[in-house]
Amino acid sequence: MSKSDNQQHPIAIYLKIWALLFVLSAASYMVDYLNLQGYLRWSLIIIFMLLKAGLIVAIFMHMMWERLALMYAIMIPPLLLLTFIGIASLEADHTFFTRSVFFLKNLI
Amino acid sequence: MLHPAVSTSPLHSPELEPGVKGIVSDWSADQQSFKKVPWGKAMMWIFLVSDTFIFGIFLISYMTARMSATDPWPHSSEIFALTIAGKSIPLVLIALMTFILITSSGTMAMAVNFGYRKNRKVTFILLMITALLGASFVGMQAFEWTKLIMEEGVRPWGNPLGAAQFGSVFFMVTGFHGTHVSIGVIFLIIVAVKVYRGDLDNERPGFLTGRKGNYEIVEIIGLYWHFVDLVWVFIFAFFYLW
């Protein structure tokens, strides 16, 4: 019954990615440990996060060896979440504004 | 399972187109769109897409709660600090949990590799190490929750540290993730037992599904496990570090 092309790759690549994930995790922890703040902190957090996520999906989950039809079917739909993030942040800003106006009136 | 000859034959049709043309020909093909992928694996991927939306919605609602909170958001770096040898180290438990999960992802990837090599013993050992690391992750999370509830007084409806939404978001997001890890550990042990007994080599029918044993299931549970690690990457970045 063994018919499909199994995902068989050299062990070395897993070990390299594993080491890389360790380094990236340590780096993202250092962002907090060194107490970086502001845009530097946020951009570093996002860069390390995306690198880690990309390595896990591409190598550990074998996505880079799959056919494009599967790759696109899996990777494109979650991009919709970006739209949702946009809508939700507009909503959140509005909520914050109205809360500030109506509930923090005495504080300002 | 019912029609293996029909459903698997496109898997090794030699004339598969590469690139964008391949997307069109795969999707317009009869029978199945995801060539070279066993259907169990395709189904796991589709489940993971739905799970991505669940965690995505959780993290977006966290963003909304945090952006709209008028009270200051509790400082996670200090809340999750531990005092080790008289020195307070920020986020140390969370960092340890991150490394444990990454390590378990590494052992899982190796287990899949050794599984396809039909190396029963090594696959079993690697799967059990993965399950053990997963269980220790859940144990640390239980410790973290206990500390937060008993010592810091965090509740889903409020806490003495700042914005009341902190507790509800924390318990929902990490609780849901912890549940995923726990379920993963159970399934890892089930697959490990199947490997150990030689069910996959002997193509023994599964207890529930009746499908013939196959080392593909190691890769499929591996996909789930890597996904759990993936979600933690996002939780770690947005909830603990932000």
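The sequence lines fix the lettering, A, B, ..., with proteins before strands; numbering per chain opens at 1.
- For the pair B/F238/A/M49, a side-chain contact is recorded, criterion being any heavy-atom separation below 4.5 Å from C-beta on.
- In this structure, A/R67 contributes its side chain and B/L16 its backbone to no donor-acceptor pair below 3.5 Å.
- Heavy-atom pairs under 4.5 Å with chain A peak, among B/V49, B/T70, B/V20, at B/T70.
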A/K52 and B/D229: CA distance, side-chain angles, deciding distance, side chain to side chain contact (heavy atoms under 4.5 Å, CB included) verdict: CA-CA 10 Å; A/K52 279 164 77 180; B/D229 186 19; over 6 Å; no

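- Residue contact with chain B, scored on non-hydrogen atoms closer than 4.5 Å, is absent for A/H94.
- Of all the heavy atoms in B/M67 and A/A92, the pair that sits closest is CB-CB, 3.6 Å.
- Taking A/T95, A/L70, A/D93, A/L80 one by one and counting their heavy-atom pairs under 4.5 Å with chain B, the maximum is reached by A/L70.
- Between chain A and the options B/N113, B/D26, B/I23, the largest number of non-hydrogen pairs under 4.5 Å is found for B/N113.
- Here CE of B/M108 is found 10.5 Å from OH of A/Y14. Values are rounded to the nearest 0.5 Å.
- Your options are B/L223, B/I94, B/V24, B/T52, and the one with the most heavy-atom pairs under 4.5 Å with chain A is B/L223.
- No other option in B/G222, B/A42, B/A69 has as many heavy-atom pairs under 4.5 Å with chain A as B/A69.
- Of the listed residues (A/R41, A/M75, A/M71), the greatest number of heavy-atom pairs within a distance under 4.5 Å of chain B belongs to A/R41.
- With values rounded to the nearest 0.5 angstrom, B/S76 atom OG is found 6.5 Å from A/D32 atom CG.
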Side chain to side chain contact (heavy atoms under 4.5 Å, CB included) assessment of B/W242 paired with A/I46: CA-CA 9 Å; B/W242 203 258; A/I46 292 208; 3.8 Å; yes

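- Applying the ring-ring contact (aromatic ring centres under 6.0 Å, His included) test to A/F97 and every residue at least two apart in sequence or in another chain returns nothing.
- Put simply, the residue from B/K36, B/K41, B/E216 that forms a side-chain contact (heavy atoms from CB on, under 4.5 Å) with A/Q7 is B/K41.
- At a heavy-atom cut-off of under 4.5 Å, chain B is reached by A/W18, A/L21, A/F22 from residues 16-24 of chain A, listed in order of number.
- For A/F60, the parts lying under 4.5 angstrom from a heavy atom of chain B are both the backbone and the side chain.
- A distance of 4.5 Å separates CD1 of A/I45 from CG of B/L241, quoted to the nearest 0.5 Å.
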Pair B/W45-A/M61, side chain to side chain contact (heavy atoms under 4.5 Å, CB included): steps then yes or no: CA-CA 10 Å; B/W45 267 117; A/M61 298 170 98; 3.8 Å; yes

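- Annotation: maximal heavy-atom pairing with chain B below 4.5 Å, among A/T98, A/V31, A/L15, A/L68, occurs at A/L68.
- Contact tally against chain B (heavy-atom pairs below 4.5 Å) for A/Y33, A/F48, A/W42: the top residue is A/W42.
- One distance of note links CZ of A/F84 with OG1 of B/T64; it measures 7.5 Å at 0.5 Å rounding.
- If you tally non-hydrogen atom pairs under 4.5 Å between each of B/S25, B/G56, B/A95, B/P90 and chain A, the highest count goes to B/P90.
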